[in-house]
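Contents: one structure, followed by commentary.
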Amino acid sequence: MAEILFSSWGGEVVDNRDKEGQDLEPVNSVELPEYFRQDEAVKALMGWYGLVIRDPETDVVDLSRVYMKEIQEKSCGKCFLCRIGTRVMAETLERICQGQGKPQDLEVLGRLAESIQESSKCNIGQSGPVPILHALEHFAEKFEAAINDKKAVPAGSYHSKLTAPCMDACPIHLDIPTYVECIKEGRFQDSLDVIREKLPLPGVVGRVCVRPCEEHCRRMNLDAPISIKFLKRFVADYELGKGKEPEFEIEPSEKTGKVAIVGAGPSGVTCAYHLARKGHDVTVYERFDEPGGMSAMGIPDYRLPRPILREEVDRIERMGVKFNYETVVGKDIKLSQLEADNDAVFIAIGAHLGTTMGVEGEEENYDGYISGVQYLLDINQGRDPYPAGKKVVVVGGGNVAIDCVRCSFRVDKPDVNLVYRRTKNEMPADHVEIHDAEEEKVNFHYLTHPVKIIAENGKVVGLECVRMELGEADESGRRRPVAVEGSEFVIDCDIVVPAIGQTMDLSLLEGREDVKTTRWKTIVVDELTKQSDEPKIFSGGDCETGPGALITACAGGRTAAFSIDKMINGRSLEYSEDDYFDKFFKKVKVYDQSEDIGFLGGRERKELEMLDPDTRKFTNDEVEQGFSIQDAMAEADRCLRCYRVATVKV
Amino acid sequence: MVTLTIDGKEVTVPQGTTILEAAKSVDIRIPTLCYHERLNPIGSCRMCVVEIDGFGHPMAACTTPVEDGIEVTTNSDRLTRIRQDSLKLILVNHPLDCPICDKGGECLLQDLVYEHGIDKVEYTAAKVDRDSLYATPLIRYWPDRCIMCLRCVTACQEIKGIGAISIEGDGYGAQVVAVDPEICQSCGECLQVCPTGALTADLSRYRGRTWLIDRVPTTCTYCGCGCQLELNVQNNQVIAVTTKDGVGVNQGSLCVKGRFGYEFINSDDRLKTPMIKQNGEFQEASWDEALSLVAEKFSAIKAEHGGGAIGGLTSARCSNEENYLFQKFMRAAIGTNNVDHCARL
């Protein structure tokens with residue numbers, strides 16, 4: 001990689017300007033990508049933590065001008081220093097670059113940068129002047145020269161973007177700081193409008209999201225992350241409670257067309273919503289008799305009450321999207337038919353098949369052996385999957401496994417066990433879910449691995465397991481569990497539920513070699529456009545990514561909708577600047593867990609009221625009770641509004 | 001309870017108290033501009049920044065709750081610089097029209113600029129032409145005087161629960177606009193909390209300097225709520241109505257009638273004595289004459305047709321006590337149950 005000439009990123013100053021060969025110092029605080037677009041080398045970066053220069057030709061003064069202009073444009077105007085101060089700075093830099101700088105300009109810039117950075121209300125103002133201060137300190141001679149020469153500085157070529165740690169972490173890039181701020185100000189409907197700009201399912205996602213945003217919430221560096229998920233739920237519930245019908249803005253594209261969507265899960269529904277907003281004629285085909293896909297069939301009612309999901313999808317139906325339920329594409333209607341009848345087809349069929357554990361007895365079809373997804377599907381459709389069974393062992397450590405154990409109590413199975421081969425620390429399930437399952441008194445068997453299903457007369461009577469211990473770390477960084485010889489033991493049970501993974505039922509693609517799939521049975525599409533090799537076919541959600549988060553599925557649906565709209569309008573599906581920034585921010589991290597923010601923290605995160613574990617576990621009532629207005633506003637007030645801008649010179 | 005020190009002074013306050021409130025409780029004054037006691041802290045002006053020992057960033061005292069053991073400093077060179085910069089930036093393109101500003105003399109910005117000794121502003125920015133995007137026939141908005149402290153927006157949302165005004169635009173172009181003019185009731189809550197002359201009562205424009213006005217406390221007569229207000233009187237003319245924060249049942253709030261419906265007081269058409277119609281024309285009369293006439297007529301009707309022939313209609317503008325007395329009078333003195341009240345209709 002080309003050497004970095006100068007970096008002040010995160011306070012680590014590396015100055016290689018007068019160094020060569022072995023004396024060149026490495027930069028540890030940031031990894032600057034070599035290219036922005038394929039044909040655009042990254043020459044320099046100015047952003048929230050400082051200034052990084054690779055190309056010696058970079059004009060720091062011009063870079064500062066462009067960056068500061070961007071900061072001013074992104075300033076919300078809600079505090080004095082940032083609103084006016086960044087304007088004064090931006091205009092001063094503009095003047096300097098036009099060759100009209102004055103000797104006192106540098107002092108003004110320095111003083112203002114310091115005041116704005118020290119006391120602005122949010123991170124736009126707090127982080128905005130940081131690289132300018134670095135530039136003034138380390139490149140003073142460049143600024144002085146620009147002022148003294150009285151000549152215009154040639155303007156370079158740049159890309160700028162506003163982001164925030166939470167926004168960047170969110171797969172659909174919800175504008176979290178803004179919708180949280182709306183809640184803080186009591187403007188709940190405005191908050192929903194911000195969410196719905198991207199996501200039509202705030203009530204669903206506000207309940208079951210795995211919330212990568214909260215793991216990247218900068219407030220965590222002070223005390224605890226903002227309760228972003230439940231704030232989203234709050235505004236959705238508020239609107240529902242008021243019986244308000246949202247007004248969706250429909251702005252038809254120049255050309256509109258017909259689109260078929262296979263699967264009414266989160267991805268399909270989100271895609272339908274965005275296409276409907278652009279005026280397209282959308283029909284969704286769904287094999288079950290109701291919408292939601294995995295969120296309806298896989299997520300139990302005590303976490304996501306079905307009426308919430310139905311109402312949010314009904315609203316999309318009221319926008320004009322047609323839903324054909326109990327229609328299996330591949331059986332009732334061929335994919336080729338959909339292709340012939342529509343301008344595009346979006347496949348979002350989810351991952352509804354359970355994978356097997358590969359243990360003895362699994363192929364025998366014993367009574368009492370049921371895959372995790374089937375187990376949840378039965379329960380969610382109101383059936384007890386195996387009424388005779390009372391003692392359940394679920395195998396796995398993900399959210400589906402936790403849903404299976406917690407559901408078991410609710411269909412009158414009093415003895416519930418979970419077997420996981422690693423320890424609680426390595427469990428991929430949401431820690432809140434694990435905690436709730438513990439409260440409901442699930443028996444957790446950690447470091448335990450199934451070996452054999454024991455049956456009598458064709459019925460499960462036990463699961464033979466072996467004890468494990470953690471060995472060396474594997475490629476995922478987690479320590480690999482190793483069986484302890486001779487430690488076999490049997491857990492008596494009459495139901496065994498493997499919940500160790502899901503896979504796709506790709507029968508709709510039979511005979512369609514043109515639509516490529518991977519060996520994990522996922523559909524191959526372009527990562528950023530969701531288009532397959534067959535131009536009319538797009539795919540997103542679990543069947544494209546493999547079993548993943550609901551919000552990721554929604555994001556895939558949204559991306560596909562935009563691509564489909566472009567295609568119908570005859571525009572090329574090339575990547576946008578935002579797509580390239582997505583890639584850029586995978587390297588230049590937007591959130592730094594070790595950052596010392598320098599604020600006083602200690603403001604407690606508001607927690608939801610929960611139903612009592614001893615009674616809730618026998619009902620399907622929603623366990624978590626939403627925020628009150630007061631709590632929601634207080635929680636929203638904890639947001640630090642960590643907006644920040646990056647300007648990349650190319 | 002939480003104990004902290006502010007400028008070396010030990011303070012014990014309940015958990016959840018802000019640094020600003022804690023300081024106030026021991027008579028330490030921290031300058032504020034956007035802060036208003038009746039509103040949730042806004043944090044837009046950054047005047048109340050304080051330093052907390054061990055934390056690199058100055059923090060706004062109005063929005064920061066106290067923590068046990070923290071040591072707060074409310075004055076330092078750095079804080080003074082920040083406060084001065086905040087004020088100087090506000091003065092960039094702020095019109096110096098104090099001589100004709102209705103707020104002159106009780107403008108918080110004026111006071112703070114004076115207090116911080118700001119005699120020149122070295123910062124400049126191109127002026128942005130701003131339209132008055134928020135105004136009603138009663139409320140005048142002076143966009144160039146607006147410092148965007150957001151008290152008005154917050155009051156409209158938090159006190160009135162209306163949310164007719166908000167901010168639009170970004171950066172220096174951001175300004176207060178009526179996002180939903182239809183729902184604005186011209187109650188004037190916004191101008192009541194405005195610390196500068198950005199929102200003024202248009203009926204009162206150029207009618208009196210703040211330091212020459214007598215403010216006479218009284219009770220609003222429009223309804224039975226009994227809101228407390230001050231008639232702003234100059235030369236025996238009512239030129240405005242203001243309120244005192246936290247006073248009376250209304251705590252400083254008024255409705256459109258209470259705040260702007262005062263012109264009847266000095267109206268030429270206003271009746272000041274009872275009138276008796278004689279020979280087809282109203283003639284001025286004394287109260288004794290008028291009341292005697294009414295009593296005489298009522299007695300005659302009552303004698304001829306009974307008390308039930310008389311009905312009484314009272315007014316929402318009377319107090320509870322007055323309404324009580326009225327029905328008592330109708331029942332006991334007139335002898336009728338035909339009593340009603342306009343607010344019931």
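All chains are named by letter (A, B, ...) in the order of the sequence lines, taking the proteins before the strands, and each is independently numbered beginning at 1. Quantities reported herein were computed from a predicted structural model and do not represent experimental measurements.
Both the backbone and the side chain of E118(A) come within contact range of chain B, judged by heavy atoms closer than 4.5 Å. With a 4.5 Å cut-off on non-hydrogen atoms, T154(B) does not touch chain A at all. For chain A, the nearby part of V128(B) is the side chain; its heavy atoms alone come within less than 4.5 Å. Within the 4.5 angstrom heavy-atom criterion, only backbone atoms of I597(A) (N, CA, C, O) approach chain B. Of the two parts of Q126(A), only the side chain, counted from C-beta on, holds a non-hydrogen atom closer than 4.5 Å to a non-hydrogen atom of chain B. In this structure, chain A has no heavy atom under 4.5 Å from any part of C34(B). At a 4.5 Å heavy-atom cutoff, E107(A) makes no contact with chain B through either its backbone or its side chain. There is no contact between T86(A) and chain B, counting heavy-atom distances below 4.5 Å. At a 4.5 Å heavy-atom cutoff, T92(A) makes no contact with chain B through either its backbone or its side chain. The contact between L33(B) and chain A is made entirely by side chain atoms (from C-beta outward), counting heavy-atom distances below 4.5 Å. For L150(B), the part lying under 4.5 angstrom from a heavy atom of chain A is the side chain only. For S86(B), the parts sitting under 4.5 Å from any heavy atom of chain A are the backbone and the side chain alike.
Below 4.5 Å, heavy atoms of chain A meet heavy atoms from I52(B), F55(B), G56(B), H57(B), P58(B), M59(B), all part of residues 51-62 of chain B. Of all residues spanning residues 76-83 of chain B, those with a heavy atom less than 4.5 Å away from chain A's heavy atoms are R78(B), R81(B), I82(B), arranged by number. Close approach to chain A, defined as a heavy atom under 4.5 Å from one of its heavy atoms, is seen in no residue of residues 1-17 of chain B.
Considering only heavy-atom pairs separated by less than 4.5 Å from chain B, the leading option among K184(A), K74(A), K78(A) is K78(A). Put simply, of Q72(A), R111(A), R87(A), the one with the most heavy-atom pairs under 4.5 Å next to chain B is R111(A). Contacts with chain A were tallied for V92(B), T124(B), V49(B), I167(B); T124(B) has the most, counting heavy-atom pairs under 4.5 Å. Ranked by heavy-atom pairs under 4.5 Å with chain A, the first of G43(B), C45(B), P41(B) is C45(B). Per-residue counts of heavy-atom pairs under 4.5 Å with chain B were compared for L600(A), D637(A), V108(A); the largest is that of L600(A).
Annotation: the span from R83(A) atom CZ to I147(B) atom CD1 amounts to 8.0 Å, rounded to 0.5 Å. Separation of atoms OG (S75(A)) and CG (D170(B)) is listed at 7.5 Å; rounding is to 0.5 Å. In this structure, N40(B) CG and M633(A) CE are separated by 6.0 Å, a value rounded to the nearest 0.5 Å.
A 6.0 Å sphere centred on CD of Q630(A) holds no more than 12 heavy atoms belonging to other residues, nucleotides or ligands. Dense packing is recorded around CD of E115(B), with more than 12 heavy atoms of other residues, nucleotides or ligands lying under 6.0 Å away. With a 6.0 Å radius and a threshold of 12 heavy atoms from other residues, nucleotides or ligands, E609(A) has its CD atom at or below the threshold. Other residues, nucleotides and ligands contribute at most 12 non-hydrogen atoms within 6.0 Å of the CD atom of E604(A).
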**OP:** Determine, stepwise, if the pair L112(A) / L89(B) fulfils side-chain contact (heavy atoms from CB on, under 4.5 Å).
**Re:** CA-CA 10 Å; L112(A) 267 185; L89(B) 287 168; 3.8 Å; yes
**OP:** Starting from the C-alpha separation in whole Å, work towards a yes-or-no answer on side-chain contact (heavy atoms from CB on, under 4.5 Å) for E122(B) and Q104(A).
**Re:** CA-CA 9 Å; E122(B) 56 272 51; Q104(A) 65 269 32; over 6 Å; no
**OP:** Would you check, one step at a time, whether the test side-chain contact (heavy atoms from CB on, under 4.5 Å) holds for Q157(B) with E185(A)?
**Re:** CA-CA 8 Å; Q157(B) 181 70 43; E185(A) 291 170 356; 5.6 Å; no
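Evaluation of the ring-ring contact (aromatic ring centres under 6.0 Å, His included) test over residues 73-112 of chain A, restricted to residues two or more places apart or in two chains, returns none.
Side-chain atoms of I84(A) and K88(B), non-hydrogen and from C-beta on, never get closer than 4.5 Å to each other.
Looking at every heavy atom in both residues, C76(A) comes nearest to A174(B) through O-CB, 4.0 Å. G77(A) and M148(B) make their closest contact through O-CE, 3.3 Å (heavy atoms, listed as atom of the first residue, atom of the second, distance).
Considering S115(A), C79(A), C82(A), S120(A) in turn, C79(A) is the only one that fulfils the side chain to side chain contact (heavy atoms under 4.5 Å, CB included) rule with R46(B).
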